[in-house]
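As structure tokens, the structure follows; a few thoughts come after it.
Heavy-atom basis, side chains included; hydrogens, waters and symmetry copies ignored. To find a chain, count down the sequence lines: A is the first, B the second, and so on, and within it residues start at 1.
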2 protein chains.
Amino acid sequence: MEKSKKVTIQDVANYANVSVGTIDRVIHNRGKVSPEKKQKIEEAIKKLNFNPNLIARTLALGSRFLVCALIPSAPHSGHYWSIPKDGLEKAENMYRDFGMVVDIFPFHLFDENSFNSQAQKILEQNPDGVIIAPLFVQESLEFVKKLEEKNIPCVFIDSDIPGQKSLTYIGPDVKQSAYIAAKLLNSVVGKENELLILHMVKGYENAAALKRMEAGFIEFFNEKKGDPTRIHKLTINSTNKDVVFRELTKFYIRNQNIKGVFVTNSKAFLVSDFHLTHELDIRVAGYDLVQENINHLKKGGIDYLISQSPQKQGLKAVQSLFELFVYKKEPGKIQNVPLDIIIRENVDFYINFN
Amino acid sequence: MEKSKKVTIQDVANYANVSVGTIDRVIHNRGKVSPEKKQKIEEAIKKLNFNPNLIARTLALGSRFLVCALIPSAPHSGHYWSIPKDGLEKAENMYRDFGMVVDIFPFHLFDENSFNSQAQKILEQNPDGVIIAPLFVQESLEFVKKLEEKNIPCVFIDSDIPGQKSLTYIGPDVKQSAYIAAKLLNSVVGKENELLILHMVKGYENAAALKRMEAGFIEFFNEKKGDPTRIHKLTINSTNKDVVFRELTKFYIRNQNIKGVFVTNSKAFLVSDFHLTHELDIRVAGYDLVQENINHLKKGGIDYLISQSPQKQGLKAVQSLFELFVYKKEPGKIQNVPLDIIIRENVDFYINFN
DNA sequence: AGAATAATTGTGTGCCCACACACTTATGAG
DNA sequence: CTCATAAGTGTGTGGGCACACAATTATTCT
């Protein structure tokens, strides 16, 4: 009841007429306590509402937790992957005094080899927990298997590999995000429409995720009543501006009625750039609050961005591991982050807050 | 450099060839240190990158921070004000071991007297900090003045009183939120439109805020090119269902071309209910993820909800005070929270995450 | 110079908890 | 009825820091 008074282990000891050592044994059920006293102590703990002071506990234990994160490197600030990284670092700061150390092992976005070699390095560290962005399915599964052998818990962020044995997945529901993109795009284009789903990929990464996106996007229009919408698909095997421009030119020449584009990665700004350059009035929806996207959102070349709370992903990943270490609390298998709908009018609040 | 090794005050003492006591004096500049040693110590601190362990510090200080919150009571769970309250409690849990105690003093939403009497009670507590939802302008200003005299920092949440002397305001940019509502509503209604701004108020509360909302809403349509939109206003002095239904009936009989309604409080579900009951195809945009709104959003009677991160408001308010107490860090004067755009398709992620 | 005083600096205790260890009883074997 | 062992319980230390107080050194005044 008395909120302001903190009950200590000593208080419990006094109440139960035993020494703190015995209390401690009960708390951590390390045995060697007579049943009567044990019961009395448990009663005392309940009655006094005793909660061990996490602060003092940490200090006493002097525990260190090493968490290694295997995520893509951010080639420049403002790059998408700098945001989850921020989240990781923020969490590290929050929990540093509790002994948390987060070590980031960046790999090159489209390079399985660098993924593998960094994974190897992590294994050598013998971490207490691992955070991984499993962009390469095959390689990730192998890595996870090795972690499992060593009994190291593992958190997936950004994208999921269904059926894995990870501690938890923290990231978007990609199919639903595409469904939302469809709805948003639909609201800004006219009646009889042709829309484009545009993938830009460099390697073999997340092919399954792209399929789920297409499914989500198309599902919306299947459910929609009213005029049918024709949906095109285009895959460009590059994120290089020149290549993208060339391919878009080719495509638009053959498909002159496109009214909106859904860009399935964080490169919507390239498409917007193309439209602005060629004075095309085509609406764009894409992903992620990277700087170039923000610029084009404000310019009007992008109408909607869906943000998958990238900072929260990093933050929550560390938090989940921390809670596992300290409280033995297992998180839910899937933690879908909010899909923020970003328009020109609310973007600043997302950038500035926190 | 060496991330894993924590430097303690003892390390610094060794490095500078003094005792920990002297280091301590420098850290808290409590004087009584010779200039030479002081300099040497400061250099050592920098070189070793020493940061006092917050854990140990808290333990040693045994400090208690009492924060009192003056916010409206939540008549039932699922009520809007239960969410900021959740944020407050969450923050209290986070910082409890650091000595933070958050005491909530609820007042009745439309009752200045209860506001005043609770304010009085808070003053008697002599808290270290205060969080206040300044729904009653005059009363709030008086309260803030008294706090100022006692040198108690004060955080505003939910709504602002411009020109105040509070530590910080944490809440939405209301005008912008209405602008966004306008844009969203506009995207779901047809071409030539008549829209309604609907206020439901019981007392004198936040009249200025309502004005700012109207301004924001209208601003969008002034800037919009294309067909003009006629905007009606209606104020109902109640949130009672029967009264609201009666007034809406009166209004709709005289204004048969309304295509969308912007509800300026969290009672959009009442309007949706009315529409569903009377089979009216009128779009609705409103505020806040309260349970009834969520239900109607899913039923389709509400199209958009703008959520002003109410939990974050409570959380951040406590955080801001904590950082002031512990790190002497002053927050920015205005911390506008994200304005989340909620639709049926992403609402669940906002409810389930965290 | 010697004493008194001021200016520095070091030491020790407590904050609360975990854990190793020491200590005290109870139990069973010989 | 011992002695050895097990079971149960208490004590002490350490962890990093803040702070009161003790101890030391420098300074000033007679």
Next on the checklist: Could you tell me how far apart A:Lys38 (NZ) and D:dA7 (C1') are, to the nearest whole angstrom?
Outcome noted: 15 Å

Item to check | Nucleotide nearest B:Lys32 when distance is taken to its side chain, options D:dG14, D:dA18, C:dT9 | outcome: C:dT9

Checklist outcome for this item: Picking from C:dC17, D:dG16, C:dG10, the nucleotide nearest the side-chain atoms of B:Thr8 would be D:dG16

Item to check | Residues B:Glu89, B:Lys85: salt bridge by 4.0 Å N-O rule | outcome: yes

Item to check | d(CG, B:Asp11; C1', D:dC17) in whole Å | outcome: 13 Å

Item to check | Protein-nucleotide distance (A:Ile27, atom CD1; C:dC16, atom P), rounded to Å | outcome: 14 Å

Next on the checklist: Within the 4.0 Å heavy-atom criterion, would you say B:Asp24 contacts the bases, only the backbone, or no part of the nucleic acid?
Outcome noted: base

Checklist entry - Of the nucleotides D:dG15, C:dG10, D:dG10, which has the atom closest to the A:Val18 side chain? => result D:dG10

Checklist entry - Near A:Lys32 NZ, under 6.0 Å, is it more than 12 heavy atoms from other residues, nucleotides or ligands? => result no

Item to check | Length of the CG-P vector between A:Leu59 and C:dA18, whole Å | outcome: 11 Å

Next on the checklist: Between the base of D:dG15 and the side chain of A:Arg57, is one N or O donor paired with an acceptor at under 3.5 angstrom?
Outcome noted: no

Checklist entry - Counting any heavy atom closer than 4.0 Å, what does A:Gly21 reach on the DNA or RNA strands: base, sugar-phosphate only, or nothing? => result base

Item to check | Residue whose closest nucleotide on DNA chain C lies nearer the 5' end, B:Asn17 versus B:Thr58 | outcome: B:Asn17

Show me the donor-acceptor pairs, under 3.5 Å and distance only, between side chains in residues 117-124 of chain A and residues at least two apart or in other chains.
unit_1: A:Ser117; atom_1: OG; unit_2: A:Ser114; atom_2: O; d: 3.2
unit_1: A:Gln118; atom_1: OE1; unit_2: A:Lys121; atom_2: NZ; d: 3.3
unit_1: A:Gln118; atom_1: NE2; unit_2: A:Pro106; atom_2: O; d: 2.7

Checklist entry - Of the candidate nucleotides C:dA18, D:dG8, D:dT9, which contains the atom at the shortest distance from the side chain of A:Lys37? => result D:dT9

Checklist entry - Is it true that A:Arg64 and A:Asp128 have a side-chain N and a carboxylate O under 4.0 angstrom from each other? => result no

Next on the checklist: What contact category does A:Ile9 fall into here, base, sugar-phosphate, or nothing, at under 4.0 angstrom with non-hydrogen atoms?
Outcome noted: sugar-phosphate

Checklist entry - B:Phe156 and side-chain contact (heavy atoms from CB on, under 4.5 Å): which partner among B:Leu167, B:Val144, B:Thr168, B:Ile334? => result B:Val144

Checklist entry - From C:dA20, D:dG16, D:dC19, pick the nucleotide closest to the side chain of B:Leu61? => result D:dC19

Checklist outcome for this item: The answer to which of B:Ala56 and B:Glu36 contacts DNA chain C further toward the 5' end, by nearest nucleotide, is B:Glu36

Checklist entry - D:dG15, C:dT9, D:dT9: which one has an atom nearest the side-chain heavy atoms of A:Arg25? => result D:dT9

Checklist entry - Quick one: which of D:dA18, C:dT9, D:dG14 gets closest to the side chain of B:Val33? => result C:dT9

Next on the checklist: From the set D:dT11, D:dC17, D:dG15, return the single nucleotide nearest to any side-chain atom of B:Asn53.
Outcome noted: D:dC17

Checklist entry - CD1 of A:Ile55 versus C1' of C:dC15: gap in Å, rounded? => result 11 Å

